[in-house]
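Encoded as structure tokens, the structure appears first; notes follow it.
To find a chain, count down the sequence lines: A is the first, B the second, and so on, and within it residues start at 1. Excluded from the calculations below are hydrogen atoms, water molecules and symmetry mates; all remaining heavy atoms, backbone and side chain alike, are included.
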Amino acid sequence: MLDFNKIAAKWQREWERERIFQADAGNRKKPKYYVAIVYPYMSGLLHLGHLFTYTFSEIVMRYKRMKGFNVLAKYGYHCTGTPIIAAAQRVREGEKTQIETLKKMGIDEREIPKFADPEYWCDYFPKETLKDSKAMGFAIDERYAFRTTHLNPSYDAFITWQFNRLHEKGLVKKGKHPVVWCPKDNVPVGDHDRADGEGETPKDFIWAKFRLKDSDKYIMAGTTRPDALLGQTHLWVNPDVTYSVVEVNSEKWVVSREAVEKIGQQHSKARVIGEVKASELIGKWAKGPLVDYELYIAPAGFIESGVGSGIVYSALEDPIDLMECQRLQANPGMVKKYNLDPKVVQSLKPISIISVEGMGDNLGQEMLDKYRIKSPAEKEKLEEAKGELNRSVYRKGIMKKNCGKYAGLSVPEAQAVIKKDLLKSGDAVMFHELTGKVVCRCLTPCVVKIVEDQWFIEYNDPAWKEKAHECLGSMQIYPEVVRKQFDYVLDWLDHWACTREYGLGTKLPWDQNWVIESLSDSTIQMAYGTISKYLENPKDYGFSTEKLNDEFWDYVFHGKGEASHVSKSTGIPIKMVDTMRADFEYWYPFDFRNSAKDLIQNHLSFCIFNHVALFPKKYWPKAFIINGRIMVNNEKMSKSKGNFFTMRELYTKHGPDIVRLAAANAGEGIDDANYDMEFLETAKKKLTEVHEFISEHYGKGRENELAIDKWLESQINQNISNATECMEKMMFKSALYHSFLEMQRNLKWYMKRTRGRPNKKALKLYSESLTIMLTPFAPHFAEECWSAMGKKGLVSHEKWPGANQKAIEISLDKSEELIRSIISDIREIIRLANIEKPSKAILLVSPEWKHELFSKASRLMDENPDKVLKGIMQDTNFKAHGEEIQKILPKMVSSRKLPQAEISHAQELKVLKEAEDFIKDEFGLAIEIMDAEKSSEQKAKQAMPGKPAIVIK
RNA sequence: GCGGGGGUAGCAAAGCCUGGCCAACUGCGCUGGACUUAAGAUCCAGUCCCUUAGUGGGUUCAAGGGUUCAAAUCCCUUCCCCCGCACCA
């Protein structure tokens, strides 16, 4: 077995010595290709997930180099945001799992205290990441590597520029927004920080105000269906509850006790100024918005004081309200108990305000009937009925004539308009309620909080969205199916809270209390990556980055202003300023960026938005390549399952080439890929075999040329052609299949067919093509093979092979198929007929007229299947065989199964003759090949083109 | 709910856009054989059912219906599965 690590080290030294991956814009003769590798987050070492994603970038980088491009790889380390800080905090607290995680990465126990400092992470992991990348043989130019965060003043200046420009364009605004909030920790609680309630979000409600008669108090009732206010009939309160009276903006609101805190979170401070028992409200009247009548206040058992305001208004088209109402009406005892007016109670009836196609005027009753609900106790059924009704109302409902100015609107339209009207008139206030219970990791139940003074990037700006769509339309998206997803996301993105109160990152330039959030500071960093070589190593170029300012970036990215002026204000020599400008112009835009699909709905879409806002069209992104997530042996990768691997573990154990091959072979497209640990071993064996084969056979072999040699040549060229096509389509697994696995299979057959006597020229073509095509996948190994062939220079410098179309001959494939099927048939016959000691196989090639017959028949078939028979029978050439044709042809025509007549009679004979020895060896039989017409065997008639009759004796 | 992607032989996974060469690429697994002291590896053969001195027949590509001379592939309906829905990298 080859020592893949040894090979890797050897060739990495060579590459290093020749600096073959240094990317310089000076090389302008070549077209450029800019790969914006997605940068890893520096909260740990690279792992298998990174490896998979990076393999795509890596393959394309090397491939494009071999296609003659000047390739730049953007390479960096992501350090902004909260995860590093949080992890450092955990180290400080001595949390076991965090410390274990660090230990597993090979960090010495004594070193671990250093990780209590977030900045140490930002130093340590970039270094280790670079080490790993080089050990993997990634074709990167480390001079360009950069870190994000304020620890890197150049990057800091770059982000400052970005936000100043966005701000100037009016795309960053201050506002407020609802978040799920932990009242104990005082932080927003994202999905992953929850002990319970994943997926729950704040939902819009409105609380409508119902003025209590002869009072200055408002009864507040929440609703998600403001349209139903038009059909309001009365109010429900929970008879056993004592409500609070709170003062909000000098109004007095009646709400449940539980609601008081919510008001405080979402509105100005709520001051409790009194209490009122439900019994004091029941039987009174109140006046709500939109209608001109007053509502009676009634008791209901289903009202939960913890939901909404603890009071609801009733619209009797709702099955739950209706059921409750019917119970009350049928229960004089209750009416008496609560001292209600029986006349009023009996007068309550549904007001029909919405027409729904296929339904009548009493929607609530219809649903009760449909679900056969008899009592309010049947809660589940009631919920279902309500749900179904709401759905059909939402989809098909139209506001009826009695809805005044809202008449004729569809229900969603009416909801939107009414909501707006009510909020404007002050008859209702906006409220957010969680869609379900959320519990923070600290076990505190969460609430909705309105965050004030938050800065947003206004991705909801319609003009901006339109431009983003335009950009997407001009981009290549691989695989194409993801485009729809992007389209949706671009529309869906709302304003994005882009600042945090704490975390690593650049300070918001005009409001230094805020730190720019981590997804927002990495949307156009590919532009920085074109000139990071200079900015990260200014001393090497004789300048300093201390005084970088917005003017500098304006000049470099937009050519705005004067180089001399920029030079004066930044202290950077004019020549350097212009060099950077030129480099940017040369490299930008980026041509390739790949990532796992999780980044579609944020990072990649942000990237589009920010580019269209900050750069002219010619610098907009060119292509996104989306890959699935990686699984290990068909299981999700996770630390708890023990199938979590750092990249370092993998390449140390198996060598980088093997690890890369397995990654390339894991999958392509958007489906989750599978990293097959067994393939690692298979790959080692296969590569070792290849190396042995090449070392042994290259430059040797016979000189004379047989058909089988042409066949191999044809196959090689087909493989080149297929592999190239796959490479261009970014389908690297398929590319690997054609360039490597298929090639190997072909070789095996070839060696067998030539009985170990290959042709020298064919082998040369094979070895060279294979080695070159393997270079993007297993570059060290390819170098090793290249040198084993005695080649001077590096295979990394070779051109990707072009397929010689002339060498591709389908008829050669057909010939091989013929041989294969004959062998398999002979074997089958021997087996079935149980022939103990066969001595001879006679192969009877179908007569020439049959070849002619079927090639003509298939021509006729393409024209008109109905006329095949007639056409043939009219042809005098076939007259002599009329009877036989009548027997076989009609059936074949009707089933559309004609024998293939691609190989002529003469060719068929020739092919068989040439393979005679091969077949003989295969079975140890004497072989006789003859024209079926000249044979007296019964079987001879069965011979068809491409299917000789076989007689075993 | 909204949006997206899927359902193919024991498993995994191609094919579907551009219908026919599809009983359906390929890998794994399984069965038998060769090699070997043995195991592993490797190699050869087989692996939907029936039939058979091969090239024959039947039933398959979630389910049902349709278009067509012809459907895994096109159209319609139904069922089921996966992913995303944010302030987080």
Side-chain angles (χ1 to χ4, degrees), chain A residues 40-43 78 80-84 86 177-180 188-193 199 201 387 390-391 394-395 435 451 454 456-457 459 479-489 491-500 503 517-520 522 597-603 605 628-629 631 633-634 665 667 669-672 674 676 678-679 681-682 685 689 733-734 737 741-742 745 748 752 814 817 821-835 838 858 861 864-866 893-900 902 922 939 942-944 946-952:
Chain A
Y41 197 77
M42 289 294 112
S43 55
H78 199 191
T80 60
T82 51
I84 289 176
H177 78 132
V179 291
V180 179
V189 181
D191 247 1
H192 297 291
D193 299 322
T201 52
N390 276 345
R391 279 192 295 276
Y394 191 82
R395 275 193 221 126
T435 49
V451 177
Q454 171 67 263
F456 291 98
I457 300 181
Y459 291 128
E480 185 57 33
V481 283
V482 192
R483 187 183 296 279
K484 288 180 200 164
Q485 188 93 1
F486 270 111
D487 253 317
Y488 180 79
V489 170
D491 283 328
W492 162 79
L493 276 171
D494 202 348
H495 57 195
W496 176 266
C498 61
T499 53
R500 290 291 112 72
E517 169 271 339
S518 174
L519 281 175
S520 300
S522 51
K597 56 188 167 190
D598 356 3
L599 294 193
I600 295 172
Q601 61 266 21
N602 45 55
H603 179 265
S605 292
R629 265 183 301 233
M631 317 258 281
N633 293 339
N634 279 315
N665 190 54
I670 193 162
D671 292 333
D672 286 347
N674 184 33
D676 183 353
E678 254 179 67
F679 183 81
E681 300 306 321
T682 314
K685 266 179 242 144
E689 267 172 38
K733 179 179 178 172
S734 304
Y737 176 79
L741 304 171
E742 187 77 358
R745 211 202 323 273
K748 247 182 212 172
K752 192 172 162 184
K814 298 287 172 193
E817 266 169 40
S821 70
I822 284 174
I823 287 178
S824 134
D825 287 346
I826 292 177
R827 180 172 289 121
E828 188 71 4
I829 293 167
I830 293 174
R831 190 178 66 83
L832 281 174
N834 243 331
I835 302 172
S858 66
M861 182 82 98
N864 184 352
D866 296 334
V893 170
S894 65
S895 66
R896 321 268 148 170
K897 276 183 186 165
L898 292 178
Q900 305 283 319
E902 276 120 335
E922 193 71 7
K939 282 249 160 197
Q942 278 189 21
M944 289 291 163
K947 198 86 197 172
I950 300 167
V951 180
I952 309 280

Who are the ring pair (Phe, Tyr, Trp, His ring centres under 6.0 Å) partners of A:Tyr737, not counting sequence neighbours?
->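 If we apply the ring pair (Phe, Tyr, Trp, His ring centres under 6.0 Å) test to A:Tyr737, skipping adjacent residues, there are no hits.
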Would you please name every residue forming a side-chain hydrogen bond (donor to acceptor under 3.5 Å, both in side chains) with A:Thr499, sequence neighbours left out?
->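 Testing A:Thr499 for side-chain hydrogen bond (donor to acceptor under 3.5 Å, both in side chains), a comparison that skips the adjacent residues, returns A:Gln454.
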Are side-chain heavy atoms of A:Lys597 and A:Asp672 found at a separation under 4.5 Å?
-> yes
Scan nucleotides 43-49 of chain B against the protein and return all N/O pairs shorter than 3.5 Å with their distances rounded to 0.1 Å.
residue, atom, partner, partner atom, Å
B:rC43, OP1, A:Lys748, NZ, 2.8

Looking at residues at least two apart in the chain, or sitting in another chain, which of them share a side chain to side chain contact (heavy atoms under 4.5 Å, CB included) with A:Glu689?
->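 For A:Glu689, the residues satisfying side chain to side chain contact (heavy atoms under 4.5 Å, CB included) (neighbours in sequence not counted) are A:Gln744.
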Summarise protein proximity over nucleotides 27-32 of chain B in one line of letters, 5' to 3': B for base, S for sugar-phosphate only, - for none, counting protein heavy atoms closer than 4.0 Å.
-> S-----
Sugar-phosphate means primed atoms, P, OP1 and OP2; the rest is base. With that split, encode nucleotides 6-11 of chain B 5' to 3' as B, S or - using protein heavy atoms under 4.0 Å.
-> ------
At under 4.0 Å between heavy atoms, what does A:Ser522 touch on the DNA or RNA strands: base, sugar-phosphate, or nothing?
->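 No contact at all - A:Ser522 keeps every heavy atom at 4.0 Å or more from the nucleic acid.
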Any chance you could encode RNA chain B as dot-bracket? Rule is Watson-Crick or G-U wobble with both distances under 3.5 Å; [ ] for pairs crossing earlier ones, | for another strand.
-> ((((((((.[[[..)....(.....]]]((((((.......))))))(((.....)))...[[[[[..)....]]]]])))))))....
Under the rule for salt bridge (charged side-chain N to carboxylate O under 4.0 Å, His left out), what residues qualify as partners of [X], not counting sequence neighbours?
{"X": "A:Asp598", "value": "A:Arg629"}
{"X": "A:Glu817", "value": "none"}
{"X": "A:Asp676", "value": "none"}
{"X": "A:Glu922", "value": "A:Lys752, A:Arg827"}

Under 3.5 Å, which protein N or O atoms sit close to an N or O of nucleotides 81-84 of chain B? Give each pair with its distance.
residue, atom, partner, partner atom, Å
B:rG84, O3', A:Gln601, NE2, 3.3
B:rG84, O2', A:Gln601, NE2, 3.3

